[in-house]
Structures are given as structure tokens and as C-alpha cells.
Amino acid sequence: MHRPRMSRWRLLSAVLLGVLPVLAAVPSAAGAGRGVLLPDSTPTFQHQLLAKATPDECFAGVGVPYPAGPPCAQGQAKVNQAYVWSLAQANNRLWFGTGANVNCIVAGTTLAQPTPRLYDDYVCEYASSQIVVQNPTMPTNVGDHRQPRVYVHDLASGVLTEKTDVIKNRSTDDLNRLKRTLGLRAGGTNQGVVFLAGPALGATVNMFAFDTVTGDYLGSANFTKYGNIRHFLVADGVLYAGVGVGANGKDGGYLLRWAGDRTNPFNFVEVGKLPAQIADLTEHDGRIFVSTWSAWSGGGSLAGGSAGGSAGGNPPHTVLDPLLERLGVRPIQDVDPTIAGVWMSPPLKNGAPGLTTDDVTGWEQVWSVQQYEPDPLIATTYGLGALVSYGGYLYWGTMHVPMKSTSVVAAMYPPADEYAARDTLENTQRAVSIFRGRGFGPLLGGIDLIEDVDLLYGEPQLPVYNAQANAGAGGWENMTTGYSAQFGRMGFGNIYTNYTWTMAVTDGRLFVGTMDWSYLAKDLLPQTAAQLGFSGAVEGLSDGLDPITIDPELYGGDLFMFDSNLHPATAVDTKGLGNQLNYGFRTMITDGKTLYLGMGNPMNLRTDPTDDIPEGGWELLKLTWS
């Protein structure tokens with residue numbers, strides 16, 4: 001006999017049959033008069049495809065040597081280049097670098113599932129890849145790696161020029177660095193130099209530089225101390241980069257300041273040291289704020305209380321703590337700083353100009369996902385994504401690798417049967433939550449809290465696993481997050497909206513680009529359930545439990561827009577901006593009433609222009625409005 005089902009929160013199964021209803025909400029009166037931005041009218045949007053990845057390989061089956069081509073006399077055409085992973089604008093040109101088969105690499109590394117798989121849309125070969133066959137020392141979890149590519153798009157002429165061979169032909173060192181780069185994940189430009197950089201095999205970072213005026217290649221460098229890089233930022237005329245240490249940044253992070261020039265482009269100095277890797281960065285209120293990612297290990301102090309909220313250590317608790325606990329608010333001192341959070345730099349005006357090496361230890365954590373996510377184990381699987389200053393507030397959002405939280409919880413608390421597996425699957429799902437804050441700094445008694453934080457999209461309660469519930473059999477219970485959402489439910493009402501990938505402000509509006517993994521879910525959900533040994537958790541049980549299904553109307557990445565800090569976001573597009581295989585808005589650059597958008601699309605087997613399914617591979621898009 002199956003044990004009673006303990007979960008009272010059936011969010012996932014409800015959402016998989018359609019989109020969650022957006023919560024009705026009245027904007028808080030506290031927002032009135034605080035940097036309110038009110039554009040003149042609702043815009044009309046138009047988009048244009050500027051460039052698109054083309055097939056670069058032939059595929060004849062998992063583990064089969066790759067036939068010659070394309071064009072492919074044998075097998076089928078395959079497009080490995082999946083993301084516009086980095087994007088920078090200089091001198092009326094867009095510079096960008098790509099990432100290949102990123103979904104395969106994420107599943108093989110972050111999810112530790114390097115099992116070859118073949119679907120109609122894409123293939124991941126891992127150990128069966130010819131790359132591994134020909135290079136036996138290649139880690140099998142990144143067996144689908146292909147070297148990234150570099151392009152420059154001239155906005156005046158519309159001409160796309162590939163720069164990859166320029167790097168490969170410079171020297172053996174440049175060629176080898178490009179080959180070992182997992183993807184060009186960060187792009188930035190300053191003082192006539194554009195950088196494209198990314199993580200490399202061996203947990204290092206490779207960086208490539210070009211002259212923005214002449215287009216000449218300036219060379220490359222390998223940074224052995226760092227293991228990941230995601231974004232650059234120019235603040236007060238100074239270029240900064242956020243990096244991680246160790247494999248996927250699991251051992252901490254640094255903020256780097258560029259101290260070079262065209263003749264010495266790879267001179268960076270450390271101006272911030274953090275216990276977690278830096279994901280994104282922005283300027284707000286005369287400081288640099290960064291978001292961080294957890295180490296994904298599930299380590300650290302899951303119960304909290306062992307790590308300080310600033311570089312200076314822990315102030316003592318005060319009599320306010322019991323009151324804060326009753327209000328569902330967790331003091332920043334009671335969180336693990338290696339888990340995803342928001343950090344604040346010293347004031348930029350203290351530097352000469354900007355941050356200097358004297359500011360390395362002067363950073364302060366001002367928010368943590370542990371102040372929102374009540375399940376301590378699931379909290380370790382969060383990342384934070386884009387953040388931006390808008391209307392006097394700092395806006396930021398969360399990130400959730402598909403099925404990561406499910407895998408972590410199932411490993412710690414193995415489901416006893418298919419009912420428990422279904423509970424685990426449903427109750428571990430998280431979608432993006434969007435926050436904004438202002439008034440950062442110390443409160444009474446030295447407790448560092450954000451004085452004014454709003455949850456815009458998220459949940460007042462989330463399910464938490466209690467191993468002692470149900471007479472020791474375990475079960476799920478709803479617990480408060482300490483917040484009430486102003487505008488709607490997490491994921492902007494869609495459980496599959498999992499990454500807050502990009503944010504940008506222009507024309508008085510805040511644009512938020514997300515990833516929507518609904519198209520992948522039709523494959524990943526059954527696969528994960530099968531790996532847990534409970535395929536019935538997805539397929540439906542004999543007692544009539546509905547199978548998990550996915551509404552095709554959800555397919556495609558989602559782009560949202562705030563037209564002020566008083567109004568809910570509106571959807572600019574929820575279907576990949578013309579291609580439902582575009583599952584996310586990975587990069588974004590503003591230029592007046594124009595957004596340049598780099599899309600993520602890893603459907604490497606969708607290359608037939610004659611069928612009724614759109615094509616896979618990255619896309620570079622232009623979005624305008626009037």
C-alpha cells in the first residue's frame with residue numbers, strides 16, 4: 001500500500017497543464033513618488049533577424065564517425081553553435097562570441113548526467129563523441145564541446161564577418177586557447193578594446209582582445225587563477241569584470257578592474273574578493289552591485305548562522321531577532337555567504353576614480369536567497385542572474401538550472417515510491433522570482449538588512465521538505481518566504497521561466513530577458529524521473545494520477561518590460577521572438593529605442609529549412625519600437 005501523499009502544493013502539475021494565473025495586485029503605496037518612470041505610451045514592437053548560426057557538422061548517429069560536410073552526403077546536417085553567449089557594441093559594430101551545445105555541457109557538468117541521448121531536436125553524445133574518441137583525455141561530461149566562434153556585425157552595412165580564423169592563425173598558443181575555451185561567455189569594451197572571454201578546460205579563463213577601431217586582433221591570455229567569467233561592466237569610465245575561482249566558480253569570486261590599454265590589454269587587478277562567484281554586475285547609487293551563484297555543491301552551513309554578512313565578520317544578534325523571525329525575515333548575519341546573494345561595493349567616489357586594490361575586502365552582502373527560500377537544501381541550488389538600477393531601485397532576479405533542485409533533494413532524500421517521486425518532482429520546482437530593493441545599509445543593532453525590499457514576482461509560501469514528518473517517513477510542508485508578491489507569481493506566471501538572464505534599461509523602460517525551458521521539459525522530465533527509477537511519476541499512475549503534459553503554447557523564451565516601477569511587467573514576446581526553439585534571451589544591448597538580442601537555441605539537429613519546424617542554432621536579433 002502506498003503511504004499517504006503529504007504534499008499540499010500541487011503547483012507543478014497545475015502549471016504543466018497551462019499557465020499560472022497572474023496574481024491580481026495593487027502597487028504598494030510605498031512606491032509612490034520614488035523615482036517613478038512613466039513613458040508616454042505603450043510601444044509597438046518590430047523585430048529583425050540580423051544573423052543566424054549555420055550547420056557546421058554532419059551527424060550519422062551517436063558514436064558514429066562524422067561524415068564529411070556540410071553539405072552532408074551521409075547523415076544529416078548539425079548546428080553545434082548554440083548561444084550568442086557574449087555581446088558588445090563599439091564603433092557601430094556588434095562583437096559577439098558563441099557557445100556550442102551548451103545544454104549538453106550543463107547537463108553533463110552541473111547536473112552530472114553525461115549519458116548519451118538522442119531526440120528529434122538535439123543530440124548529446126558525451127563519451128561517444130568523436131571529440132572524446134580522438135582525445136581520450138577529454139572529460140566526457142563536456143564531450144560535446146566545440147570551439148567557440150567570434151563574429152563582428154557591421155550595423156551600417158549589415159555585413160557579418162567571422163574572426164575565428166584570425167585567432168587560430170595568429171599562433172599555436174592562440175589556437176590552443178580557443179580550442180580549450182568552453183564558450184565565450186562574457187563580452188565588454190572600453191577605450192578602443194573589445195574583450196570576449198569564457199571558461200576553459202582545466203578550470204581557467206581564456207580572454208581574447210580586438211581593436212575596436214581597426215578590427216585587428218590584439219591577442220589572447222589565459223588566467224589560471226580564475227575558473228569562470230560571465231559579464232563585464234563599464235562604470236564611471238572604468239571597465240570591470242566578475243569572475244569565479246575553481247571549476248564553475250565553486251571556490252569564490254573576484255571583481256577585476258581593467259588596468260591595461262591597446263598595447264597591454266590583459267592587465268587586470270583585483271578590487272573585490274567574495275566567497276561566491278560573481279554572476280552579473282551593475283552600477284547603482286554610486287556603487288557596484290553584483291549577483292552571485294551558489295557553489296552547487298549543497299555544502300556550507302545549510303542551517304545558517306555560521307557565516308558573516310560582510311567582510312568584517314558577524315555583529316552580535318540583538319533583541320530584534322525574535323521579532324524578525326516572527327515576521328518571516330531572516331537577518332543577513334544568519335545566511336551562508338557562499339550561497340547566491342547580492343553584494344555591494346564601497347563607494348566608487350573613494351577610488352581614483354572607481355574601485356582600487358584597497359577595496360578588495362570592503363564589500364558587504366546585502367541580500368541572500370536564504371532570506372526568501374525556506375528550504376535550506378533547495379536554497380543551495382539557486383543562482384542570481386541579471387541586476388540593474390531602475391527608477392531609484394536595484395532590480396534583480398533568480399536563476400534555476402532545470403531539474404537541479406530535484407536532483408539534489410532526491411539524492412539527499414531518495415523517494416520511497418512513485419507517489420513520493422511525484423511529490424519531489426512537483427515540490428522542488430522553482431521559477432524566477434523578481435525583487436527590487438533600496439535603502440541598503442545597517443539597521444538597528446548593527447544588523448545589515450535591506451530596509452526596503454519588494455518581491456515583485458514570487459511566492460508568499462514555498463514547499464519545504466521535513467524529514468521528520470509523517471512519523472519519520474518525511475513529507476512536504478508549506479512555509480512562509482517572508483514576502484508578499486506585488487505583481488504576480490514566480491516565473492511571471494509560468495513555472496518553466498527559470499533564468500533571469502538579462503536586464504537592460506532604455507527609453508525609460510526596464511526589459512527583462514528570460515529562459516523558458518518548457519520545450520526541453522518534454523524530454524528532461526521523463527529522463528530525470530527514469531534516472532530516479534520512477535518513470536511513473538511523469539507518465540501517470542494506475543490510480544488515475546494525471547500524467548505531466550506541457551502546453552506547446554509555452555514554447556520559446558520570454559521577454560518582459562516594466563514601463564514604470566508602479567506597474568506590473570507586460571510581455572513583449574513569449575515565443576522566442578519568431579522561433580519557438582529560441583528558449584532564452586541570453587545577451588542584450590541597448591541603443592536608444594533598439595535592443596540587440598543574442599538568443600540561446602541548442603536544438604542542434606533542427607537544420608532542415610524545408611520542414612515545418614524552425615531551425616536550431618544561435619540568432620542575433622534587432623528589436624525596435626515606436
Side-chain angles (χ1 to χ4, degrees), residues 16 53 55-64 66-67 70 72 74-83 99-132 140-146 401-404 406-407 425 496 498 515-532 534-539 547-557 575-576 579-584 599-619:
L16 293 173
D56 50 63
E57 198 170 84
C58 297
F59 175 75
V62 174
V64 177
Y66 306 135
C72 304
Q74 299 177 354
Q76 66 180 103
K78 182 185 179 193
V79 54
N80 290 294
Q81 302 299 321
Y83 285 15
N101 299 323
V102 181
N103 63 320
C104 299
I105 293 175
V106 170
T109 56
T110 304
L111 295 178
Q113 297 177 357
T115 303
R117 63 201 69 168
L118 174 62
Y119 302 113
D120 291 337
D121 298 294
Y122 68 94
V123 60
C124 298
E125 293 188 278
Y126 298 113
S128 299
S129 167
Q130 295 304 297
I131 304 300
V132 176
T140 58
N141 59 353
V142 293
D144 294 273
H145 162 66
R146 305 292 189 272
V401 173
M403 305 308 296
K404 177 65 178 180
T406 301
S407 299
L425 184 64
Y496 293 109
N498 61 307
M515 175 182 169
D516 178 337
W517 69 286
S518 58
Y519 195 82
L520 289 178
K522 59 187 174 60
D523 300 321
L524 286 183
L525 284 171
Q527 171 192 315
T528 301
Q531 289 174 337
L532 293 176
F534 299 112
S535 58
V538 171
E539 296 171 357
I548 291 178
T549 58
I550 300 164
D551 186 351
E553 288 298 310
L554 298 178
Y555 294 164
K575 296 182 183 299
N579 185 342
Q580 68 177 7
L581 304 188
N582 290 337
Y583 67 17
M599 308 301 288
N601 180 341
M603 308 306 166
N604 55 29
L605 296 183
R606 288 301 184 188
T607 58
D608 185 354
T610 66
D611 63 19
D612 58 356
I613 298 175
E615 278 63 66
W618 60 259
E619 293 185 356

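The figures that follow rest on heavy atoms only: side chains count, while hydrogens, waters and symmetry mates do not. Count residues from 1 along the sequence.
- Side-chain polar atoms of Asn80 and Asn604 form no donor-acceptor pair below 3.5 angstrom.
- Here the closest heavy-atom approach between residue Glu615 and residue Asn579 is recorded as O-ND2, 2.9 Å.
- Side-chain N or O atoms of Thr140 include none that pairs as donor or acceptor with a backbone N or O of Ala127 at under 3.5 Å.
- Two residues are said to be in side-chain contact when any heavy atoms from C-beta on lie closer than 4.5 Å; Tyr122 and Asn601 fail this criterion.
- Between Gly143 and Ser129, the shortest heavy-atom distance links the atoms O-OG, 2.8 Å.
- Atom CD1 of Ile105 and atom CG of Asp144 lie 7.5 Å apart (nearest 0.5 Å).
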Quick one: do Leu425 and Met403 satisfy side-chain contact (heavy atoms from CB on, under 4.5 Å)? Show the steps, please. CA-CA 8 Å; Leu425 184 64; Met403 305 308 296; 3.3 Å; yes

Take Met603 and Asn582, measure what side-chain contact (heavy atoms from CB on, under 4.5 Å) needs, and give me the verdict at the end. CA-CA 9 Å; Met603 308 306 166; Asn582 290 337; over 6 Å; no

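- Residues forming a salt bridge (Lys or Arg N to Asp or Glu O under 4.0 Å) with Asp56 (at least two apart in sequence, or on another chain): none.
- For the atom pair CG (Asn141) and OG1 (Thr115), the distance works out to 11.5 Å, reported to the nearest 0.5 Å.
- Within the 4.5 Å cutoff, side-chain heavy atoms of Lys575 are placed close to those of Glu553.
- Atom CZ of Arg146 is separated from atom CD of Glu57 by 4.0 Å, given to the nearest 0.5 angstrom.
- The heavy-atom pair separating Pro67 from Ala60 by the smallest distance is CG-CB, 3.8 Å.
- Residue pairs that meet the salt bridge (Lys or Arg N to Asp or Glu O under 4.0 Å) test with at least one member in residues 600-610, sequence neighbours left out, are Asp121-Arg606.
- The side-chain heavy atoms of Phe59 and Glu125, taken from C-beta on, include a pair separated by under 4.5 Å.
- Using a distance-only test at 3.5 Å, with no hydrogens or angles considered, a donor-acceptor pair links the side chain of Lys404 to the main chain of Thr110.
- Between Leu111 and the choices Leu524, Thr406, Val401, the side-chain contact (heavy atoms from CB on, under 4.5 Å) rule is met once, by Val401.
- Atom CG of Asn103 and atom CH2 of Trp517 lie 13.0 Å apart (nearest 0.5 Å).
- Of the possible donor and acceptor atoms, none in the side chain of Thr607 sits under 3.5 Å from a partner among the backbone N and O of Pro55.
- Atom CD of Glu619 sits about 8.5 Å away from atom CG of Leu581, to the nearest 0.5 Å.
- Contact of the Cys124 side chain with the Tyr119 side chain is not registered, since no non-hydrogen atoms from C-beta on lie closer than 4.5 Å.
- Note that CG of Asp523 and CZ of Arg117 are 9.5 Å apart. Values are rounded to the nearest 0.5 Å.
- Annotation: side chain of Pro602 is not in contact with side chain of Val102 (no heavy-atom distance under 4.5 Å).
- Contact record, Tyr126 with Gly108: OH-N, 3.5 Å, taken as the closest heavy-atom pair.
- Counting heavy atoms from C-beta on, the side chains of Leu525 and Ile550 come closer than 4.5 Å.
- Around the CD atom of Gln130, the shell of radius 6.0 Å holds more than 12 heavy atoms that belong to other residues, nucleotides or ligands.
- Contact record, Leu605 with Lys78: CD2-CG, 4.2 Å, taken as the closest heavy-atom pair.
- The minimum heavy-atom distance linking Tyr66 with Cys58 is given by the pair CB-O, 3.5 Å.
- Tyr555 meets the ring pair (Phe, Tyr, Trp, His ring centres under 6.0 Å) test with Tyr519; sequence neighbours excluded.
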